[in-house]
Every structure is written in structure tokens, then in C-alpha cells.
Amino acid sequence: MKITLPDQSVHTFDDNATPGSVAASIGEGLARAALGAKVNGKLVDLTRPIADVAAEGDSSPVHLAIVTGPRINKKGEAQWRDGTPSGGDADALYLLRHSTAHVMAEAICKLFPKTQLAYGPPLDNGFYYDLALDTPISSADFPKIEAEMKRIVEEDRPFTRYELDRDTGMGKLYDERNKYKIDNADRALDGGAQRLSFYVTGPLAAEPDEGRLFEKAPRVTNFEDLCMGPHVPSTGRIGAFKIMSVATSHWHGDVESDRFQRVYGTAFFTQAELDAHLAQLEEAKQRDHRVVGQRHGLFTIDEKVGQGLILWKPAGAIIRQELQKFILMHLERQGYSQVFTPHIGRLDLFKTSGHFPYYQDSQYPPLILREQLSTLAKENCTCAELAHKMEKGDIDGYLLKPMNCPFHIQIYASEKHSYRDLPIRLAEFGTVYRWEQSGELSGMTRVRGFTQDDAHLFVTEDQLDVELAGCLDLVKAVFTTLGMTDYRVRVGLRDPAPGKSDKFVGDAEQWDKAGESCRKAAASLGVPFTAEEGEAAFYGPKIDFVVKDVIGREWQLGTVQVDYVLPQRFNLEYTGPDNQPHRPVMIHRAPFGSMERFIGVLIEHFNASFPLWLSPEQVRVLPISDKFLDYAHSVASQLQQAAFRVTVDRSNDRLNAKIATAQQDKVPYMLIVGGKDQEAGTVSVRHRSQGDRGAVPLAQFIADLKQERDQRRL
RNA sequence: GCCACCUUAGCUCAGCGGUAGAGCAGUGCUUUCGUAAAGCACAGGUCGUGGGUUCAAAUCCCACAGGUGGCUCCA
């Protein structure tokens with residue numbers, strides 16, 4: 001058998017060669033460090049015959065790369081080949097974490113013998129195992145589980161793979177009566193697998209009949225699990241691990257189905273890497289917008305006001321105002337018209353748009369008129385009947401708006417339009433309300449009332465592509481100005497699955513046309529994007545800009561959506577050059593998405609060190625003693641004249657204390673003023689990240705600062 | 001909404017059956033200071049809310065509210 005190694009050299013090996021035997025033939029060190037291998041790109045065990053894996057594809061020659069962990073020095077530090085620490089070799093960590101999941105499963109099964117295992121995959125930064133168990137596992141159990149895991153690791157038992165054919169394997173699983181594993185196996189076989197593979201955490205007494213295949217299930221005394229693998233060679237390779245948390249999950253993600261406990265953990269090759277990871281998580285916690293927002297007085301959420309409702313404090317309001325000014329500037333440049341619309345509208349309007357029937361569950365219930373309630377009362381309408389009528393929309397009332405589009409549509413529809421008027425671009429910072437499930441709420445990123453930097457464009461078919469591009473430009477401009485380069489682009493398409501058609505309105509042909517426009521526009525952005533089914537809005541496909549928060553959760557910010565459906569539902573028209581009525585296409589777009597979510601993410605992005613133009617407090621004047629308070633105030637007032645947000649530290653702290661406080665408050669500029677400055681008419685400039693910049697004439701400082709602010713420098 | 005956990009001063013947290021504690025922030029006084037925290041004093045809490053157990057509850061039990069993590073959902 002000919003095998004190509006990563007250096008492109010081609011070698012000949014026995015037909016029964018395994019990655020382990022190849023590694024051994026290359027060198028003792030490599031064999032010792034080896035954890036698994038990639039055969040034609042597929043991650044496999046060291047003991048897996050290469051020919052077996054290669055036979056699954058038909059590519060020849062066979063490419064083989066040995067996956068190794070880091071070298072661990074005498075101090076117990078991990079040294080990765082390419083010099084990068086954890087995360088430097090995703091494959092090695094994948095193997096490690098997958099194997100650690102097995103070890104954890106074994107430990108839990110030992111401590112809680114009634115446990116039924118379901119599914120335990122590795123993740124980007126750890127792993128989890130879903131298991132069915134009536135006794136709740138709590139964090140108090142973690143040390144016990146970890147102690148048991150430690151014991152298993154110390155025993156350094158091999159992970160041994162064996163395979164059974166379809167019928168024998170299923171027979172074994174039926175004997176064991178674990179419906180989840182039976183289901184997993186069914187799915188694997190449906191997916192084209194010819195055999196079922198099992199992993200024993202320990203040696204096998206018997207030799208397989210052929211390759212890894214047994215004719216009948218071998219007798220196993222150690223823990224074993226139906227698993228496609230692969231794993232590290234033995235439990236001893238697991239360096240450091242920690243159980244992180246436990247949560248609920250459901251079989252196949254279906255709430256109606258069986259409930260699992262999902263135990264999360266993480267693993268590294270060394271304790272030092274684990275510690276570094278935990279420290280990083282701790283740091284992220286300090287960067288969390290909920291912590292920072294509190295500390296810097298940006299916003300608050302008050303249970304007396306209500307869940308998921310943001311109170312913007314003065315400092316946060318400044319950031320929001322500045323961002324709105326920034327967007328308004330772009331809107332003027334791109335020929336938008338600003339409009340204002342109310343927060344509520346008649347239920348009928350939302351029945352026409354489709355919001356009421358399609359997304360009723362995520363709206364606040366309708367506001368019912370007093371007269372109607374008393375009429376119903378006279379008719380002896382019961383609460384149950386009232387609830388039913390409301391559900392069906394049989395009650396005339398007002399809805400707190402879940403979206404702005406119906407209002408903008410009615411503005412469009414309030415006059416006749418010629419093709420010469422198009423495109424018409426209506427923009428509004430529109431506040432909408434949605435009934436999010438209580439468990440979903442999260443700081444500013446998932447709320448029940450929020451303001452979209454919304455706009456709706458009414459365009460002709462011919463204008464669609466150009467206008468879409470214009471919208472995407474705007475989103476890109478926003479992200480670029482703020483230095484947010486770490487985003488991904490998602491084209492959200494309709495879910496084609498049968499039964500999901502109640503999740504969208506309109507016909508498939510229009511959807512496909514709109515989807516195509518979105519793909520084309522996304523492709524023209526020049527950044528990679530993914531097309532994802534089931535991620536569309538109910539009225540049309542969309543292009544979303546998605547970013548991660550400090551704990552790795554993804555949030556959709558900017559969005560651009562193409563809509564053929566609402567113009568039809570509202571019967572929108574314009575008069576074409578042929579003097580005939582035509583239907584416009586709508587584009588919905590919001591470069592920030594929502595002010596709340598965007599600023600929540602922005603707080604974390606800057607870790608509260610906002611660029612000058614966004615900083616709630618731009619300059620703080622620090623007199624070295626209160627003898628210089630007068631001069632400090634005169635400096636401040638000149639800055640205020642130049643429209644800077646400036647304060648004077650009037651405390652009788654010492655200078656060092658004033659500096660420490662200002663640094664903590666992340667004020668971009670500190671102006672230290674004392675006798676020398678007063679005499680010379682200068683200020684001693686200290687920048688929050690660059691430190692002491694020395695004395696400069698005040699006028700000079702103001703001129704420089706204006707530039708930095710007006711250019712919105714980062 | 002579901003599961004687990006959490007809720008003590010403005011903030012961060014200790015106390016876990018026997019009279020409510022610390023640091024920071026705040027207020028007052030002393031100090032008048034040149035690039036990351038001077039000193040002293042004072043004030044501040046029905047221990048989330050409501051029930052229960054007990055001679056005695058911040059502490060144990062129950063319910064509710066709010067929060068955190070995850071699941072599900074997300075126009």
C-alpha cells in the first residue's frame with residue numbers, strides 16, 4: 001500500500017498498516033506523541049487499519065497525517081509544535097475531549113447506575129454528554145465525578161474499538177435496552193454505515209475475527225459505549241479536565257420529547273492550559289456587558305419596570321445618541337427619508353401583514369378596548385372564551401408593534417407613486433416589543449423592547465440589486481468604523497422541510513427569487529458567507545451579520561432582507577412607464593439590528609474603552625491640588641465650548657488616586673493641570689492606554705482632539 | 001416556558017440555627033500633593049417577597065419574584 005505523508009513523500013507499507021505502526025516506523029518520538037491520525041482527511045484511531053478507512057473512499061494514493069498532542073516538558077507545560085498553545089491543534093483537542101466525555105460518562109454511570117447515556121460530542125472548547133437520569137446532578141456532585149474520572153485516567157486504560165455487523169450490533173443494543181443508543185445506531189445505519197462501532201475503555205479479552213469486526217458481541221467487563229470514535233489511545237493521555245456545568249436538553253432537541261441532563265466539561269493536555277482557559281473565562285466574565293454596563297452606569301434593568309426592558313442611563317444614552325447621529329449621517333448621504341410612527345397599531349394591520357397569525361406567540365397580547373370588554377362582559381363571556389377569541393384574533397384591539405414595516409408600508413400606500421419616485425427609502429429608529437420567553441432574556445442582547453435602526457426600501461425589480469448592495473455597504477461601513485472585523489455573514493433561507501410551511505408566508509417561487517438576490521448580494525460582499533435553511537424571516541430571506549459575545553454566543557446584528565410578500569399582502573403599487581400598475585419589492589434593513597443588542601455587543605467589543613467619539617466622558621481634568629481648581633475649570637469650559645464631554649475631578653484625592661480612578665472609568669483623556677501648566681497655558685495630557693504624553697498648549701490639544709473625534713478614529 | 005443553581009449595604013462578597021460583617025463606593029474632617037489608590041471618623045441592611053418549622057431563622061422547608069447557565073425559541 002502506498003501512503004503519502006504530509007511532506008508529500010510517498011512510502012510503501014504493509015496492507016495491514018495502521019497509523020500507529022506507520023508512526024512507529026517514522027520515529028519513536030512521533031509514536032509516543034501520536035494520538036490519532038487523519039486518513040484522507042478523516043480523523044481516525046491509531047489502531048484503525050489504514051486500508052479499511054481508505055476503502056471507504058476510493059482515493060489513491062492514501063494521504064496520512066499523524067495527529068499529535070503537545071510535547072509536555074518537565075515543568076508540565078504544553079509545547080505545541082507550531083508554538084501555539086491550546087486551540088493550536090484542533091484535531092488533538094477534539095480527540096482528547098471526545099475521550100474525556102467517555103471517561104466522564106463512565107464516572108457518572110458508576111456513581112449513578114440508573115444513568116442511560118444518549119449522546120456525548122466534543123465542542124469547540126470542551127464537550128458534553130447528554131444522559132437520561134431522574135436524579136438531578138448538581139454542581140455539588142462534580143467533585144465526586146471528577147475524582148472518579150481521575151481514577152480512570154490514572155488507570156491508563158486503552159480505548160479499544162470493536163465493530164459488529166448491522167444485525168449483531170442492533171441485537172446487542174436491543175438487549176441493553178437503551179432506546180437512545182438504538183436510535184443513534186438506526187441513524188448511523190440510515191446514514192449509510194455498514195457496521196456499528198463500540199469503544200471499550202479497557203482491553204478486550206478476545207481478538208476480533210477480522211480487522212476490528214467480531215461475529216458476535218465480545219464479553220466486555222469495562223465501560224463501553226456505542227460510538228463512531230475516534231479516541232486517544234488510552235485514558236492516561238488525558239491531562240487535565242473539569243466539569244463545568246449541567247443543564248437540560250432534549251432528545252433530538254424536541255421539547256416534547258425525553259429530557260436529558262447535559263453535563264458540560266472541558267479538557268486539556270496540561271493543568272496549565274486548563275488553568276489558562278479558566279482564567280480566560282474569568283476575564284471574559286469581567287468583560288460581560290452586563291457587568292461593564294453596571295460598573296460604568298450605562299444601563300439598568302429594573303424588575304419593577306419589567307423583565308427584558310432596558311433603562312438607558314445618561315452614559316449609555318450618549319453612546320446610543322452618537323451611534324444614531326452616525327447612522328443619520330449615512331442615511332442623508334444615501335438619500336433616505338426619516339419618518340416617525342406610533343408604538344401601537346390596530347390588530348387588523350398585523351393580520352394583513354401576517355405578524356399576528358404567524359408570530360402570535362412572540363407578541364404581547366393585544367390591548368382590548370374598554371367598550372369591547374364591557375360588551376363581552378354583558379354577553380357573559382367567560383375568561384376561557386375571551387382567551388380563545390384573543391387567540392383567534394376575533395377581538396378588535398391594538399397591538400404593541402412587533403415590527404415597524406406595516407407602518408412604513410402604510411406611509412408608502414398613503415399616496416400614489418410613479419416609477420420616477422422609486423426607490424423610496426423610509427427610515428426610523430423604531431421601538432418594537434416582542435414577548436420573548438423569560439429564559440431567553442439576556443442583558444441587552446435579548447430583550448422584550450428594543451429600538452431598531454430600521455428602514456424599508458420600496459424599489460422596482462430592476463433596482464433591487466443596486467439597492468441591496470447599498471444596504472450591505474452601509475452595514476459594512478458601520479462594522480468597519482467600529483473596528484468589528486470578527487463577524488460572519490449568513491444568508492437565511494426558508495426551511496424547506498415539510499410541516500415548516502406554516503413558518504412563512506408567500507409562495508415558493510417568490511422566495512427562491514428573493515433568496516437568489518440575497519446570495520448574489522452576499523457574494524458581492526467579498527467576505528465568506530454560509531447559506532442556512534430555516535433562518536429566514538417569515539416574509540422573506542435575509543442576509544445577517546452575526547457576531548459572538550464574550551461567552552461565545554452568537555448574535556445577529558445587522559440584517560438586510562428581501563421581501564416580495566408584504567407588498568403583495570398590502571397590495572402595494574407604483575405606476576410604471578407603461579402607465580400600468582406594478583408591484584414594488586421591499587427591502588428591510590437595519591445595520592445595527594437593534595440599538596440594545598448592538599450596544600451590548602459593542603460594550604464587550606471595546607471592553608468599555610470606547611473610542612473618543614463614543615465615550616460618555618471624553619476628557620477629565622485632574623488638578624494636582626485644589627489650588628488649581630480654577631484653572632481646571634477654565635480648561636474644562638474651553639473644552640465644553642468645543643462640544644466635548646468633560647468633567648473636573650474635584651475630589652481632594654492625590655493625583656495618583658485621581659489617575660487610578662480615571663483609568664478605571666476608562667476616560668480616554670486625562671488632563672493633569674498644576675502650577676506649571678497654569679503659568680504656561682498648557683495641559684499635561686495622559687491617554688488611558690498610551691500614558692503620559694507631556695504638556696501641550698490647550699488650543700493645540702483641542703484642535704487635535706476635534707480631529708480624532710470628527711474622524712471617529714478608533 | 002423547561003432543568004439546575006443563585007439572591008446579605010450602591011457594588012463585590014463573607015457569615016450558613018443563638019444580637020448582621022469586610023473591602024470598594026458615599027459623607028465629614030485632616031492632608032494640598034506632578035502621572036495607577038494618603039489618614040481618621042461617620043453613615044449605610046425588615047439578609048429578594050410571602051408563608052411554615054423552631055424557645056430562637058440571613059441560616060432549615062414550601063411557594064412566588066428576579067437573576068445566571070443551558071435547552072427550546074428568536075420576525
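By convention in this document, chain letters (A, B, ...) are assigned in the order of the sequence lines, proteins followed by strands, and residues within each chain are numbered from 1.
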G34(B) phosphate, OP1 or OP2, under 4.0 Å from Arg654(A) side-chain N/O: no
Distance below 4.0 Å between Lys627(A) side-chain N/O and C33(B) OP1 or OP2: yes
Within the 4.0 Å heavy-atom criterion, would you say [X] contacts the bases, only the backbone, or no part of the nucleic acid?
X	answer
Asn656(A)	sugar-phosphate
Ala536(A)	sugar-phosphate
Ala657(A)	sugar-phosphate
Tyr264(A)	sugar-phosphate
Gln307(A)	sugar-phosphate

Nearest-nucleotide pick for Arg290(A), side chain only, options being C73(B), U31(B), G69(B): G69(B)
Proximal nucleotide (of G1(B), C33(B), C71(B)) relative to the Gln437(A) side chain: G1(B)
Sidechain N-carboxylate O distance under 4.0 Å for Arg488(A), Glu532(A): yes
Lys NZ or Arg CZ of Arg259(A) over Trp251(A) ring: under 6.0 Å, within 45°: no
Axial cation check for Phe350(A) ring with Lys401(A), 6.0 Å and 45° limits: no
Distance in angstrom units between Ile672(A) CD1 and A36(B) C1', rounded: 11 Å
Whole-angstrom distance between C40(B) and A25(B), as gauged at atom P: 13 Å
Donor-acceptor pair present, Asn652(A) side chain and U32(B) base, under 3.5 Å: no
